[in-house]
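Start at 1 and go down the list; that is how both ligands and their atoms are numbered. All of these numbers come straight from a predicted model, not from anything done at the bench.
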Amino acid sequence: MLNIINCIVYQHDYRALALAVTVCVLGSFIATRLFGRVFRTFGSHRVLWMLLSSVVCGAVIWTTHFLAMLGYNPGIEHAYEPIGTLASLLLAIGFAFVAQALAASTRTGIMIEVSGAVLGLGIAVMHFTGMMALRVTGTVTFDPTLAVLSVIFGCTFGALTFNRLARPVTKFCKYGSSLALILGIASMHFTAMGAAIITPNSAIAVPEGMVSSTMLVVAVVTVICLILMTAVSSYMIDMHREEESVQNLRHMALHDAVTGLPNRPHLASKLPSLISEATKGSQMIAIVAIDLDRFKDVNDVHGHAAGDAVLRCVAERLSDNLGDDSFVARVGGDEFVAVCDAIYSRDDATRFAEKIFEEVSEPVHHQGRILTVGASIGISLYPNDGLSPDDLTSRADLAMYRAKQSATDKICFYEASMDESSREKSALALELRHAVERGELELYYQPQIDVSKREIVGFEALIRWNHPTRGMVMPGDFIAIAEETGLILPVGEWTLREACREAASWNGSYKVAVNVASAQVLQSNLPQLVHEILLETGLAPTRLELEITESSIITDQQVALHIIRQLKAMGVKIAMDDYGQGYSSLSTLRAFPFDKIKIDKSFIIDLETNEQAGAIVRSTIILADSLNIPVLAEGVENEAHLSFLLDQGCDEAQGYLFSRPVPAKDVHFAIETMVSSKAPPAQKPTEVAKTAANRPVAKPDAARAREQLRKIA
Ligand code: C2E
Ligand code: CA
Ligand code: CA
């Protein structure tokens, strides 16, 4: 110990020592930051970082040693042998590299500390190699105890350096690592210097061609400055890049990729702070749920690029034009939420929503086409409609659904009754789950008439739900729920089976038309299901007509076409339902082999009041005629409708004029009445049916149908 203190106090020049300490402290700090970078990096980049940190660490150890050596005064002439001096530098770098490679390849257990000890050993190897390059007029030997102690110091602090980096317990551990490296270099150096015994011997001269102390000091300082500067700048560039990518990731996590608007998580994190701001003042907050109307049409008809262009344009207009007090987020496919925190009255909220409606409804120009969408808007107000962000957003959604269902009120405020109706809907969905098993569903049948002959040609099966407490629930009140919940598949299968079974029992070869929902069309086993049901019920395939709407085939035209072709190959007929309601595109009519077009009832009902309705019906009939497809008009309620259709050359009709939908047991009566009078049946068939209850029922044409199906199969 005394040797070491003696060595430091009496044999050193303090200026050189101060320089050595500065390099050691600064360099160790930089080197350990670089080690940390190596530990955090994977893949090929790691080797590059390892190279840089090894050069820096090796150079720091080496420079500290030589600067301290320059300050060391052995009291006799001395110089440095260049090859050994250089070799000591390379060894320091090499050991640092090996130590990091070891640590990085294992990353676990005691190997971390062992790798650190290798780094410490590197300090010792460098030191003694460097000392061997020292030439004096005399000899240099070492005290073995102190020499071993110096190696132990180096290895221990080296192990601690890696230990603090690899197993940090606080954020300050990285400084602990730097301190350990500093202590490692210093304690090793001074202990080893204390171990050095220089014995003067004038017989031994310092050889020629050695490097003088002054030259060495210039070289060492230049080299270390260059190395440290390179290291610091690389580290800074990298840190900046890392920070940038963290920023990018954060932005991506909180923003929508298509429009660049904040997304749902962003909205969820923003709303609480807006609310707590609002509680300080007297203002309200409007939460506005926006759902684009007809967006699906744009996507389906013009493609996804056009859909994206509409979304981007709408997003841009909303974020540019709603003012600084608003926050707009895209929370779903075609759903946005706008929040405004400068609302002082309901009128303010209305104006805000109207502005949104205007911005959304403006046409969008995309690749020479003009695309238009509408908006259904729901508003909830803080604090009137709720205090929590969740309540407020779900209530704005409820109001938006109300707007969606309404043709005229496209902006709706939340009302307490909406909660009630939404609960009602959920309850209905739960009960519908059991309706099939409990036998609560029933089919009604409405005759379809050949208008020129005034003869029934078939019946459309229309579903009813005999609810134990609610009474008869009409399809308009539960089909949409069945579609949303997926229950349409079991319900649709039941309808198909029941309608075929019933039709097979009819006296005569009347067709039965069954409505098929979108989900059923896209269900790839529909042809197989129909085939099974026809075999099971014995109905001739030509007597079954499936009614499909245009909207259900437009989602996936290829799949729909494939399924329709399979059904047609079986002999089943396909009718396009509700023509005129959706896209009514000529290309769909051309592409799909329909056996019938059903003009939507809204056009027939409007015939007397709306000239356009007449024009649409007329042109549909002409179009269908040119494509050789028969037309059926729905909703024929009076003779005026019928005579218009007769004039236009419409083939078939269906409506209250002939008969309302009747329960299965009254179908026979409807047929009998129509056949006997060639006139519309009585309007209350159920009552008259009582007298006709015992009419004989024809045998099903099962044998013929089975024969036909077997041929197809
Ligand atoms: P839809 O396919 O257009 O069926 C015709 C609807 O018009 C029926 O309503 C029918 O009662 C009504 N209707 C018939 N003649 C007239 C008339 O002269 N004037 C007026 N104003 N209406 C008339 P309904 O039975 O309430 O069915 C409504 C809708 O529910 C159906 O429209 C159909 O889309 C759907 N639907 C009915 N049954 C089923 C089914 O089994 N499966 C599926 N997926 N949907 C069904
Ligand atoms: Ca229909
Ligand atoms: Ca229809």
Using a 4.0 Å heavy-atom threshold (strictly under), name the region of [X] that reaches ligand 1: side chain, backbone, both or neither.
{"X": "I605", "value": "side chain"}
{"X": "L657", "value": "neither"}
{"X": "E460", "value": "side chain"}
{"X": "D577", "value": "side chain"}
{"X": "T495", "value": "side chain"}

Atoms of ligand 1 less than 4.0 Å from [X] heavy atoms?
{"X": "D578", "value": "3 (O)"}
{"X": "G655", "value": "15 (N), 18 (O)"}
{"X": "P475", "value": "24 (P), 25 (O), 26 (O), 27 (O), 28 (C), 30 (O), 36 (N), 37 (C)"}
{"X": "K601", "value": "3 (O), 6 (C), 7 (O), 20 (C), 22 (N), 23 (C)"}

Open item on the list: If you measure every N or O of Q520 against every N or O of ligand 1, does any of those distances drop under 3.5 Å?
Closed with: no

TODO: Before signing off on this row, confirm whether I463 and ligand 1 have an N or O atom pair separated by under 3.5 Å.
DONE: yes

Open item on the list: Show me the pairs that pass ring pair (Phe, Tyr, Trp, His ring centres under 6.0 Å) and involve residues 462-500, at least two apart or across chains.
Closed with: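 Pairs touching residues 462-500 that pass the test: W465-H467, W465-F478.
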
- [ ] Compute the minimum heavy-atom distance from P661 to ligand 1 and say whether it is under 4.0 Å.
- [x] yes

TODO: Would you please determine whether E637 falls within less than 4.0 Å of ligand 1 on a heavy-atom basis?
DONE: yes

Restricting to non-hydrogen atoms, name the atom on [X] and the atom on [Y] that form the minimum distance, rounded to 0.1 Å.
{"X": "V514", "Y": "A499", "value": "CG2-CB, 3.6 Å"}
{"X": "A670", "Y": "F459", "value": "CB-CE2, 4.5 Å"}
{"X": "F658", "Y": "A653", "value": "CE1-CB, 3.7 Å"}

Would you indicate which of [options] comes nearest to [atom] when only heavy atoms are counted?
{"atom": "atom 44 (N) of ligand 1", "options": "A653, A517, A633", "result": "A517"}
{"atom": "atom 25 (O) of ligand 1", "options": "Q446, R464, M474, E483", "result": "R464"}
{"atom": "atom 23 (C) of ligand 1", "options": "F478, Y656, Y444", "result": "Y656"}

Is the shortest distance from a Lys or Arg side-chain nitrogen in [X] or [Y] to a carboxylate oxygen in the other one below 4.0 Å?
{"X": "E545", "Y": "K598", "value": "no"}
{"X": "D595", "Y": "K568", "value": "yes"}
{"X": "K404", "Y": "D293", "value": "yes"}
{"X": "E502", "Y": "R543", "value": "no"}

Task: Flag if over 12 foreign heavy atoms under 6.0 Å of CZ, R464 - done: yes

Open item on the list: Are there over 12 heavy-atom neighbours, none belonging to K296, within less than 6.0 Å of that residue's NZ?
Closed with: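 Yes, NZ of K296 has more than 12 neighbouring heavy atoms, counting only those of other groups under 6.0 Å.
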
- [ ] Give the atom name of whichever N/O/S atom in E460 sits closest to the Ca ion (ligand 2).
- [x] OE2

Task: Angular separation of OD2 (D577) and OE1 (E547) seen from the Ca ion (ligand 2), to 10° - done: 90°

Open item on the list: Under a 3.5 Å distance rule, please check whether Q520 uses its side chain to pair with a backbone N or O of A517 as donor and acceptor.
Closed with: yes

